[in-house]
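Scope of the values below: all heavy atoms of this structure, side chains included, with no hydrogens, waters or symmetry mates. Note that the coordinates shown come from a computational prediction; the quantities given were computed from them, not determined experimentally. Letters go in sequence order (proteins before strands), and every chain restarts at 1.
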Number of protein chains: 2
Amino acid sequence: MAVTIIDVAREANVSPSTVSRVIADHPRISEKTKKKVREVMESMHYYPNFQARNLAARTTQTIGVVMANSATLAFQNPFFPEVIRGISTTAHACKLGLYLSTGGTEEEIFQEVVAMVQGRKVDGIILLYSRLDDKTLNYLREMQFPFTIVGRPYAFEDQVDFVDNDNKKIAQDVVEYLFGLGHREIAFIGGDLEFVVSSDRLEGYRAALESHALKYQEQYFIHDFAFEQDGKEAIRQLMTQQSPPTALVAHDDSVAYEIIRYLEQLEIRVPEDVSIISFNNHALSEHVKPPLTSVDINIFELGLKATELLLERIKQPEREATHQYVDTTLIVRNSCQSLNTR
Amino acid sequence: MAVTIIDVAREANVSPSTVSRVIADHPRISEKTKKKVREVMESMHYYPNFQARNLAARTTQTIGVVMANSATLAFQNPFFPEVIRGISTTAHACKLGLYLSTGGTEEEIFQEVVAMVQGRKVDGIILLYSRLDDKTLNYLREMQFPFTIVGRPYAFEDQVDFVDNDNKKIAQDVVEYLFGLGHREIAFIGGDLEFVVSSDRLEGYRAALESHALKYQEQYFIHDFAFEQDGKEAIRQLMTQQSPPTALVAHDDSVAYEIIRYLEQLEIRVPEDVSIISFNNHALSEHVKPPLTSVDINIFELGLKATELLLERIKQPEREATHQYVDTTLIVRNSCQSLNTR
DNA sequence: CTGAAAGCGCTTACAG
DNA sequence: CTGAAAGCGCTTACAG
């Protein structure tokens, strides 16, 4: 068996309480005692048992990280490691552990979250996605369990802590940018509207069009499911209609890459024949052909801030809900062409 | 306070022991009692406290996942989510939790692993990397703590459980493939040789050359650090020497993308002027230009198998060490050209 | 500044 | 088939 606090206490001629207090660096223990106990701990290779400590102290020192189901995960590939890196940075600095959800379906994930909360596995939870009317989120709200979202909640915005980009605004900005280049026929290849990030971006797109008295047009919008089912055909239809778009907005770089390939097969050149712009600025976007103009959404920061908010919430359960919007940067590369100079 | 096993016991008119046994679905409890207790648990919304259960049962029902430091992580971007997906699949099926390392440096990671082991945070550990003479690995070995590596250990191969691709072989195969296409001047842009995966692939490359009585040549090898410092210059030098290579082997697709961009700047066409082949088959490799010929290493399976091995090890600490090699597939796309038909 | 005692919420031989 | 008791390894009022 491993050496316990009792073994140390006996060896150091103090009580277990004292050893415990030395571990916690309690101020009311004399330096002399601390020194002695620490020496004994060292020589006996004592190491505290977290489970016991946490059970007694009613804490876990770990936070739960809940990702959307794996299908979506695969999709948002580069998002995940980067947001984890942000979360880890804060977590590690505060000596907090990370507990990861493993569920593959919405229901499994929900059950896991219940287990985390009720089973006292974590002190708080970070939701890595925001879905319309999400069971998990509602549960967390009802339980008043500390949690933060990376993304904007679909509702109760003022009652929930979250970190997000201003997705409406960046979608608007992107359209404005294209508008500035002279584009008027701008199509949007959207993400799954179940996710708030997707609906926000779509909304920004529409708002930008309307602000220029351009109408939102059905035939300029491709749903995620249509694209996933047969992306090539969707793009073909889009580009062969009466007045095809001169610019495309894709909801994610990986989608943009795919579109570019289909366009190529259709012998439509980017950016000469059609411009393309996208979101999320994957690491590879500077290396593809043509280098992709994309919005950097600062994923690392998203993870970092979400963790900070969560820690504050854990410390002060009663504080008011806080939001934070993380800055984005439009990275202009070579996938968009100006029509003005024509 | 939450409802405990004692509350349930009182309400159901049984002892706490019995409630505990009902939770564990102990065979010696009568169906009648089980039914009654379960009804009470239901109606009282009882949920077991994992910390207490684990403390008493001396288990954790969670496995630790340790990644190499963040710098490397960023590099191997798509690897991480995919291997986690594989690990999650097995873990979730066995109702095991995942505890993630958060450290940014080797030393931090080591300390975390010590905390996981000594602090009884996990029942076993999966190392997501294999490094030369790794302190963490050595510690785990010495402690005889259950662990598995995704990758081949640098030593003690027959004493450690691991899952890997046969990296020597796939590097050989890749060179053979190029050889079959008529290439004789084949360069290698390698990874960090601190990692076994990189040195294995380099070794395979050399072995393949030698099997064709071709000599390994310094000027056909670019070190990871040289490439990272100034990739463009490294490629320029490589391609402007006396007899430049006709084919390049890159240790990872993301490196291949970068190389392709530099080649383009040098006005060297792929595959017309030089062929390029790579490992890991990122999701994007079919979408880049030219679509990249790459070796699919089946990352999902790597994670899945590693977890299975770990679980077996946890069950039978004394069993013999096992290895498993996961199959790979050469995905031929359009980045290599045959010289034979010229 | 330090200790004795109770308690965190479970599990598991042992006994019947 | 079920219960009483000890124990997992800590923490933390309370008392001095």
Of B:Val14 and A:Ile23, the one whose nearest nucleotide on DNA chain D sits closer to the 5' end is B:Val14

A:Val19 or B:Pro27, whichever maps to the more 5' nucleotide of DNA chain D: B:Pro27

With sequence neighbours left out, the residues meeting salt bridge (charged side-chain N to carboxylate O under 4.0 Å, His left out) with A:Arg53 are none

Going by the rule salt bridge (charged side-chain N to carboxylate O under 4.0 Å, His left out), which residues pair with B:Arg313 if we only count those two or more places apart in sequence or in a different chain?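 Testing B:Arg313 for salt bridge (charged side-chain N to carboxylate O under 4.0 Å, His left out), a comparison that skips the adjacent residues, returns B:Asp161.
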
How many Å lie between [atom1] on [X] and [atom2] on [N], as a whole number?
{"X": "B:Ile5", "N": "C:dC10", "atom1": "CD1", "atom2": "C1'", "result": "6 Å"}
{"X": "A:Lys121", "N": "C:dC8", "atom1": "NZ", "atom2": "C1'", "result": "18 Å"}
{"X": "A:His26", "N": "D:dC10", "atom1": "NE2", "atom2": "P", "result": "18 Å"}
{"X": "A:Arg120", "N": "C:dC10", "atom1": "CZ", "atom2": "P", "result": "9 Å"}
{"X": "A:Asn54", "N": "C:dG9", "atom1": "CG", "atom2": "C1'", "result": "14 Å"}
{"X": "B:Arg10", "N": "D:dG3", "atom1": "CZ", "atom2": "P", "result": "14 Å"}
{"X": "B:Arg53", "N": "D:dC10", "atom1": "CZ", "atom2": "P", "result": "21 Å"}
{"X": "A:Leu55", "N": "C:dG7", "atom1": "CG", "atom2": "C1'", "result": "9 Å"}

With side chain to side chain donor-acceptor pair (under 3.5 Å) as the criterion, how do A:Thr18 and A:Ser15 come out once you've worked through the C-alpha distance, each side chain's angles and the decisive distance to 0.1 Å? CA-CA 5 Å; A:Thr18 300; A:Ser15 73; 3.2 Å; yes

Output field dot_bracket for DNA chain D (Watson-Crick or G-U, both distances under 3.5 Å, | for other-strand pairs) contains |||.||||||||.|||

With sequence neighbours excluded, residues passing side-chain hydrogen bond (donor to acceptor under 3.5 Å, both in side chains) with A:Glu107: A:Gln111, A:Lys135

Sorted by chain and residue number, the side-chain hydrogen bond (donor to acceptor under 3.5 Å, both in side chains) partners of A:Ser101 (sequence neighbours excluded) come out as none

Can you list the residues that meet the ring pair (Phe, Tyr, Trp, His ring centres under 6.0 Å) rule with [X], with sequence neighbours excluded?
{"X": "B:Tyr139", "result": "B:Phe110"}
{"X": "A:His26", "result": "none"}
{"X": "A:Tyr47", "result": "none"}

Under 3.5 Å between N/O atoms: give me all the protein pairs with nucleotides 12-16 of chain C, atom names plus distance.
unit_1: C:dA13; atom_1: N6; unit_2: B:Arg21; atom_2: NH2; d: 2.4

Between A:Asn138 and A:Asp133, is any pair of side-chain heavy atoms under 4.5 Å apart?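 Yes, side chains in contact.
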
Under a 4.0 Å heavy-atom cut-off, which of residues 30-48 of chain A touch DNA chain D?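 Heavy-atom cutoff 4.0 Å gives A:Tyr46, A:Tyr47, A:Pro48.
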
Please measure how far the C1' atom in C:dT12 lies from the corresponding atom in C:dG16, and state the result in whole Å. 16 Å

Using the rule given for side chain to side chain donor-acceptor pair (under 3.5 Å), can you reason through A:Thr60 versus B:Gln51, listing the C-alpha separation, both sets of side-chain angles and the distance that settles it, and then say yes or no? CA-CA 9 Å; A:Thr60 68; B:Gln51 292 193 145; 5.4 Å; no

side-chain contact (heavy atoms from CB on, under 4.5 Å) partners of B:Ser43, counting only residues at least two apart: none

Would you mind writing out the side-chain donor-acceptor pairs for residues 299-310 of chain A within the sub-3.5 Å range, not counting sequence neighbours?
unit_1: A:Thr307; atom_1: OG1; unit_2: A:Gly303; atom_2: O; d: 2.7

Think A:Thr4 has a side-chain N or O under 4.0 angstrom from the OP1 or OP2 of D:dG9?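 For D:dG9, OP1/OP2 do not have a side-chain N/O of A:Thr4 under 4.0 Å.
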
